[in-house]
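What you see is a predicted model, and the numbers here were worked out from it, not measured in a lab. Whatever order the structure lists ligands and atoms in, that order sets their numbers, starting from 1.
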Amino acid sequence: MPSKLNIVMIASEVVPFAKTGGLADVVGALPQVLQQMGHTVKVVMPRYGSIDGARYGLRRFWDSLGVWMGNTLEWCAVDVAESGGVPVYFIEHDRSFGRSGLYHDDSFHDYADNPRRFALLTRAGLQLCRDLGFAPDIVHVHDWQTALAAAYLKVWHWNDPVLGRAASVLTIHNLAYQGQYSAEHYEYLGLQWGNFTPDKLEDHGAINFLKGGIVYADALNTVSPTYADETRTPELGYGLAPYLTDRKEEYVGILNGVDYTQWNPAVDLLIPARYTPETLQGKALCKAALQRRFHLEETPQIPIVGVVSRLVGQKGLDLLAATIERIVESMVVQFVVLGSGDKGLESFYGGLPGRYPGRVGTFIGYDNLLAHWIEAGADFFIMPSIYEPCGLNQIYSLKYGTLPIVRATGGLDDTVLQYDEQTGAGTGFKFWEPSPHAIFDTVGWAVSTYYDRPQHIAQMVAAAMGQDYSWERSAAHYLGLYGRALRNKARL
Ligand code: ADP
Ligand code: GLC
């Protein structure tokens, strides 16, 4: 493998420009770290209507980029901005991206043209490389939205002077979202009907973007070792387990890193006070500020359990909803909840402060500042996920000395060490059963440890804050995966 790689990443969301979840954090951070290691990285994403061009210094790069989609030539413009030294190219195509939502409208209805929008993004990213004369060694794509890059490279560009030597790498951040769409869109994708077969792009008569990526990519990964294993089982494989098992040699789990310039209480300028393991009085100030902000009883002795989450089925917050009132009624504990998504869950959690004033605070919406405040001010952070490919919040929590209470699944299981009551070792509290009952018991375990064994809590906080999930380590694993992809491609 060449010691310096040319890498292009194509993704549907990238911090700081557009974000709905952890994918954006990953594609915001990994390219910068790879570039600092000496590789040349370019990032391609859509120019959504919600991106404030002036705020991020976007400038026009090209007025026209012609992209063939089936028999249609789509004309896009390209903007560019710098992010931590990495150029980010924005594909502008008003009809596709000139709306504020990334994937759905305000009522959470997916846009009907999503398959066309993201196939266009993907092809435009490849076409941009050709027109730039930028020959990537690696085309790294993320989730169903850009998975088809692997297919385009094999079907169309295997002999191309610019793209011909590129190996494709697909990162699966969530196997449940596969991009399954009616075959009526297939013509537009321009992938030839001969490839619309069950071993490639077809899935029971429909198109399946992610499956196409899995079949065509030169190497692939998901975002934790445990989730990599889980996705090869019928329960969490969502119909794709056999295809992942087929790619066993080239399919690995690589834990996400954390951008510790953003998520570290020692340097975080968004929180009320900074702190380190040696200066934990700063955390006490953050706790008091959080209690004030959410009109909670301002008592340092009462533990706070935090939630920051998309309110969707995956996150298990319906299970928490089924037991949180019992918890609040039977334990001396406070909750702070930040999230948006499912309307039923929004109204349930939104109604709790009215029923438990001074005990529960809720903010329905998306608010990065509050996310930082909760990480810093809470004592515990709960993630009862049904499945969790990696999860970033629990890793942030560790650094903030906010002990995670998690269901032992996917990346949650890989990053949180179970508390040992005998020795005080561990970094959090884990449970296995996806049930309200198990949540109740485990919150009870954490809360009673807080009151009865404070020395163990102090020991765990120190251990948690000492954990290192910086991107450098993950990036080294990605370089290993890139090597695997290049070798695999060379074999074919
Ligand atoms: P997922 O990508 O499945 O949502 P992750 O834990 O990987 O889960 O990443 C979630 C990211 O989104 C974190 O950076 C978290 O702080 C952020 N986040 C989620 N919901 C909100 C919200 N309501 N307000 C602010 N940030 C949020
Ligand atoms: C997905 C997963 C989450 C993961 C994130 C970034 O949104 O749900 O677990 O941390 O992608 O990889």
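Distances from atom 1 (P) of ligand 1 to the heavy atoms of Glu375, Lys315, His173 put Lys315 nearest. Nearest-residue assignment for atom 3 (C) of ligand 2 (options Gln394, His142, Glu388; heavy-atom criterion): Glu388. Considering His173, Glu13, Met383 only, the shortest heavy-atom separation from atom 11 (O) of ligand 2 involves His173. Compare Tyr366, Tyr396, Trp263 by their heavy atoms: the one nearest to atom 26 (N) of ligand 1 is in Tyr366. Between Ser309, Gly365, Ser340, it is Gly365 that holds the heavy atom closest to atom 23 (N) of ligand 1.
Between Asp367 and ligand 1, a contact under 3.5 Å exists for at least one N or O pair. Residue Leu392 has at least one nitrogen or oxygen atom sitting less than 3.5 Å from a nitrogen or oxygen atom of ligand 1, judged on distance alone. For ligand 2, the polar-atom distance check against Cys390 finds a nitrogen or oxygen pair separated by under 3.5 Å. Remark: ligand 1 and Gly22 share an N or O pair separated by less than 3.5 Å (distance only, no angle test). Annotation: Thr20 places no N or O atom under 3.5 Å from an N or O atom of ligand 1; distance criterion only.
Close approach to Asn256 involves these atoms of ligand 2, each under 4.0 Å from a residue heavy atom: 6 (C), 10 (O), 12 (O). Set against the non-hydrogen atoms of Gly339, the atoms of ligand 1 under 4.0 Å away are 23 (N). Set against the non-hydrogen atoms of Gln314, the atoms of ligand 2 under 4.0 Å away are 8 (O). With ligand atoms numbered from 1 in the order given, ligand 2 contributes 3 (C), 4 (C), 9 (O), 10 (O) to contacts under 4.0 Å with heavy atoms of Gly391. Near Asn174, meaning under 4.0 Å from any of its heavy atoms, are these atoms of ligand 2: 8 (O). Close approach to Arg310 involves these atoms of ligand 1, each under 4.0 Å from a residue heavy atom: 1 (P), 3 (O), 4 (O), 20 (N). When each atom of ligand 1 is checked for a heavy atom of Gly391 under 4.0 Å away, the hits are 6 (O), 7 (O). Per-residue contacts place Asn393 under 4.0 angstrom from the following atoms of ligand 1 (heavy atoms of the residue considered): 6 (O), 10 (C), 13 (C), 15 (C), 16 (O).
Between Lys287 and Asp379, at least one side-chain nitrogen of the basic residue sits less than 4.0 Å from a carboxylate oxygen of the acidic one, meeting the salt-bridge criterion.
Of the candidates Tyr103, Tyr48, Trp144, Ser12 forms a side-chain hydrogen bond (donor to acceptor under 3.5 Å, both in side chains) with just one, namely Tyr103.
The side-chain heavy atoms of Leu479 and Met37, taken from C-beta on, include a pair separated by under 4.5 Å. A 4.5 Å side-chain heavy-atom check between Met465 and Lys283 finds every atom pair outside the cut-off. Put simply, the side chain of Leu403 reaches to within 4.5 Å of the side chain of Val461, judged on heavy atoms. Taking 4.5 Å as the limit, some side-chain heavy atom of Trp471 sits within range of a side-chain heavy atom of Asn256. Looking at Phe335 and Tyr349, their side chains never come closer than 4.5 Å, going by heavy atoms from C-beta outward. Using a 4.5 Å heavy-atom cutoff, the side chains of Arg292 and Glu298 are in contact. At a threshold of 4.5 Å between non-hydrogen side-chain atoms, the residues His477 and Val252 do not count as touching. Two residues are said to be in side-chain contact when any heavy atoms from C-beta on lie closer than 4.5 Å; Tyr396 and Val308 fail this criterion.
In terms of protein heavy-atom proximity, atom 12 (O) of ligand 1 is closest to Lys19 CE, 3.5 Å.
Side-chain contact of Lys399 with Tyr260: a donor-acceptor pair under 3.5 Å is absent, judged by distance alone. For the residue pair Tyr387 / Asn174, a side-chain donor-acceptor distance below 3.5 Å is found, with atom types taken as modelled.
With a 4.0 Å cut-off on non-hydrogen atoms, Asn256 does not touch ligand 1 at all. Counting heavy atoms closer than 4.0 Å to ligand 2, residue Leu23 contributes backbone atoms (N, CA, C, O) but none from C-beta onward.
Atoms CD and CG, from Gln418 and Asp413 in turn, are 9.0 Å apart once rounded to the nearest 0.5 Å.
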